[in-house]
A.B. asks: 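For reference, the structure I am asking about is given below.
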Amino acid sequence: MPISAKFNDLTASQKEAVSHFEGPLLVIAGPGSGKTRVIINRIAALIAQGVSPWNICAITFTNKAAEEMRNRVVAMNTPAGTHVSTFHSLCVRVLRYHGSHVGVGSNFSIYDDSEQTKCMKEALKTLNLDTTNFTPGKLLEAISLLKNKLEYPDAFAARASDYFSKIVAKAYKAYQHLLTQNNAVDFDDLLMKTAVLLRDFPAVREELSNRYKFLLVDEYQDTNHAQYAIARCIALGHGNICVTGDPDQSIYRWRGADIANILAFEKDWPSAKVVKLEENFRSAPNILALADKLIAANTSRKAKRLIPVIPHPGEVIIRQYEDEAYEADSIISDIARLAKNGVPYSDIAVFYRVNSMSRPIEEALVRSRLPYQVVRGVEFYGRKEIKDMLAYCKLIVNPPDDVALTRIINSPTRGIGDTTLEKVAAHARMHNLPLYEALKQTFAVTSLSQAVRTKIAAFVAMIEQFKPLAAGPVAPLMKKVFEDSGMQKSLEAGGLEGSAALDNVEELINAAAIYDQQIDNPALYDYLQQIALFSDTDKFDPASGKIALMSLHAAKGLEFKHVYIIGLQQGILPHERSKDNPDELEEERRLLFVGITRAKKGLHIAYTRHRTIRGLLMRSIPSQFLYELGASDLPSRDSFLAESSRDFNDFRDDYIADLPSRTMQTPAPSSASKKAPFTTDELVEHKVFGLGRIKSYTDMGENSIVAVRFNSGQTKTLMVKYANLKKV
DNA sequence: AGATTAAGTCTTTTT
DNA sequence: GACTTAATCT
């Protein structure tokens, strides 16, 4: 009954996407096109057609999106049973039952970034490699890409020819060996092992294919090869695969996302039907025009329309400020203006390219006493006290987890130091035992004193005493761990810092209590595997009544009435590490496109004349994207800069009285601005950097920039009007 | 063993 | 500037 009612609210193309039940379907959905609604309606429609909810599997990009979708499916009075989760969560489930085929025990630990690094360091130690040139992080990055491509260590070793690849191959093999010993997987393993499992074990593939007769994958433009392979394997038997996405919103290339997956969907599934959702129900027409103008600058792109549905123009402001403090103060006073006009705080968001940029904004918000929430990657789960608690828990359910054990064996301190641990580790290596097993055999390690043996025995006894509780509810066990381990005591003695840590652990235990209530058979291993995939992004609460601060990446999939995007300057957006690579530059542009298209009514883009980066005050070069944004209701490029500086001066006068201690920097005279453009390879001289050759010249009027490779070896990007380059 | 201090490293985005 | 590691002191 409610299903057909909803149908009437849909546009023609939305209906088409909802009611094409059988076979492959590609939904190219622009921003604000009601894509999520289409997916929900599609699930409801499938069920109305007689499909069992148990046979439907919807994949979302984040846990948050999954949770929201589950709620919305329920809200449509749809019978329960539809599986909605991320790829990673689905993989956890699959590996729990079938992991033994690919060397994964059911109680496996999931390693996060820092645990991966620890593991890699350990692996490198056994290899005796000189790692001065290859940090664990660099190696892990390379390995991550290999795993995304489903390449196993031996296969890669066979084709590794250059020096770096050979090192990577060795590290990969040792690292993977260590993970297996610890019965642990990293994020990429979850995907790779599942993909390999489905590829090489037809029985498992069939089981999954029979279970999930209808597969939906959202944000398909950001799937990597492993995810692509998993989806394909599940759908191969029946062809009922519906993917939705927008190539213009692909922003996870650095994580292995392959935009080719969505571009090649029609080739993979020749019978695929394609539906385009080009109408935008979210943003004001002038905001959309701006977004369209920007994304048009991407050359490797199929043109797509953004058709505004909302008739009323919104407010678009692009403005320059002196530095990040003025930027923040101005934005906050603008927010205060909105609030005075009745705009709820939860309708307002501030986006930035890197998380560290939240700080000046936060400081200004605190000064103004405005409520806000910062959405950040893994802040909570990265805290020491939380990691310690989870390490205890991991060790309880998965004793071979040496990484967890070494983390907590002496935290809080219990007199088992590095020397002792090394002796036990030597014994473990000799007999090929996990560390925890070796701890039980201290009688065999003659070099240990009796006092130390007693301490170790007490530790082992404590862990053993926790084990029987792991099959029950999680919260009581955590509480017991917290008390018996001595963590609580040590934090209570830790002053202010300790009391903050106490609060965090309390929050963790509360979350566990909620889990205990929600799940029929709560178990520690299940809880641990679930929260390993959580991030703080999942904690964003749109109904909190607070201003939201987040990175542009975290903004994906969200919408706000008023959006502020800060730091539109070269080196930040586009980011320093992306601006020299054309593909990465296009992704930066898509990132800004995502940010702009989050805004419904108001869009405020800010950049500064100067900005403190890593403690150094730097002169900022306006982002090249600002020039690409030239929408019709904006001033032209030249007047645009003149006008924005006039705005700034008015603004500055107001603030100078308030902030007398801030020193103002006046720009250098722009005498060089009319200089003829430079040509590539031209020899120039700079006052500080000396002689160099022009690498590139970008014409941006009086703000033109050059990249110069100096004889010192370093390459600098400079603004022509400030650099005072002399032609030689 | 453990705490404190000094020096050194690295700085994007996140499941 | 934030964080990790190494060196030194208690």
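Order of the sequence lines fixes the chain letters, A, B, ..., with proteins taken first and strands second; residue numbering starts at 1 for each chain.
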A.B. asks: Measure the distance from CG on A:Asp222 to P on B:dT13 and round it to the nearest whole Å.
C.D. replies: 17 Å

A.B. asks: Looking at A:Ser551, does any N or O in its side chain come under 4.0 Å of the phosphate oxygens OP1/OP2 on B:dT14?
C.D. replies: yes

A.B. asks: Considering only B:dT15, B:dG2, B:dT14, which nucleotide approaches the side chain of A:Asn410 most closely?
C.D. replies: B:dG2

A.B. asks: Using the ring of each side chain (for Trp, its six-membered ring), is A:Phe560 parallel, tilted or perpendicular to A:Phe351, with breaks at 30° and 60°?
C.D. replies: perpendicular

A.B. asks: Counting any heavy atom closer than 4.0 Å, what does A:Tyr252 reach on the DNA or RNA strands: base, sugar-phosphate only, or nothing?
C.D. replies: sugar-phosphate

A.B. asks: Aromatic rings A:His553 and A:Trp254: how do their planes relate, parallel, tilted or perpendicular, breaks at 30° and 60°?
C.D. replies: perpendicular

A.B. asks: Could you work out the separation of B:dT13 and C:dT4 based on their C1' atoms and round it to a whole Å?
C.D. replies: 22 Å

A.B. asks: Within the pair A:Asn224 and B:dT15, is there a side-chain N or O less than 4.0 Å away from OP1 or OP2?
C.D. replies: no

A.B. asks: Kindly indicate whether a cation-pi arrangement holds for A:Arg590 with A:Phe593, taking the cut-offs as under 6.0 Å to the six-membered ring centre and within 45° of the axis.
C.D. replies: no

A.B. asks: For the side chain of A:Thr413, starting at C-beta, report the closest nucleotide among B:dT14, B:dT13, B:dA3.
C.D. replies: B:dA3

A.B. asks: Which nucleotide sits closest to the side chain of A:His553: B:dA1, B:dT15, B:dT13?
C.D. replies: B:dT13

A.B. asks: Below the 4.0 Å mark, does C:dG1 have OP1 or OP2 next to a side-chain nitrogen or oxygen of A:Ser356?
C.D. replies: no

A.B. asks: Measure from CG on A:Asp113 to P on C:dC3 and round the result to the nearest Å.
C.D. replies: 15 Å

A.B. asks: Rounded to the Å, how far apart are A:Ile416 CD1 and B:dG2 C1'?
C.D. replies: 14 Å

A.B. asks: Closer than 4.0 Å, any side-chain N/O of A:Arg359 to the OP1 or OP2 of C:dA2?
C.D. replies: yes

A.B. asks: Which residue, A:Phe187 or A:Thr419, contacts DNA chain B at a nucleotide closer to its 5' end, judged by nearest heavy atom?
C.D. replies: A:Thr419

A.B. asks: What is the separation between atom CG on A:Leu421 and atom C1' on B:dA1, rounded to the nearest whole Å?
C.D. replies: 13 Å

A.B. asks: Quick one: is A:Asn63 getting a side-chain N or O under 4.0 Å of the B:dT15 phosphate, OP1 or OP2?
C.D. replies: no

A.B. asks: Got a sec: does the CG of A:Asp418 have more than 12 other heavy atoms crowding it under 6.0 Å?
C.D. replies: no

A.B. asks: For A:Tyr220 and B:dT15, what is the distance between atoms OH and P respectively, to the nearest whole Å?
C.D. replies: 21 Å

A.B. asks: For A:Arg577 and for A:Asp418, locate the closest nucleotide of DNA chain B by heavy-atom distance; then report the residue assigned to the nucleotide nearer the 5' terminus.
C.D. replies: A:Asp418

A.B. asks: Measure from NZ on A:Lys455 to C1' on B:dA1 and round the result to the nearest Å.
C.D. replies: 8 Å

A.B. asks: Are any of A:Thr420's side-chain N or O atoms less than 4.0 Å away from OP1 or OP2 of B:dA1?
C.D. replies: yes

A.B. asks: Output the rounded distance in Å from NE2 (A:His575) to P (B:dT14).
C.D. replies: 12 Å

A.B. asks: Using atom CD1 of A:Ile613 as one end and atom P of C:dG1 as the other, report the distance to the nearest whole Å.
C.D. replies: 14 Å

A.B. asks: Distance under 6.0 Å and angle within 45° of the ring axis: does A:Lys556 meet both against A:Phe61?
C.D. replies: yes

A.B. asks: For C:dT5 and A:Lys121 - does any side-chain N or O of the residue sit under 4.0 Å from the phosphate oxygens OP1/OP2?
C.D. replies: yes

A.B. asks: If you measure from the ring centre of A:Trp254 to the centre of the six-membered ring in the base of B:dT13, is it under 5.5 Å, with the planes under 30° apart?
C.D. replies: yes

A.B. asks: Does the side chain of A:Val185 reach to within under 4.5 Å of the side chain of A:Tyr111, using non-hydrogen atoms?
C.D. replies: no

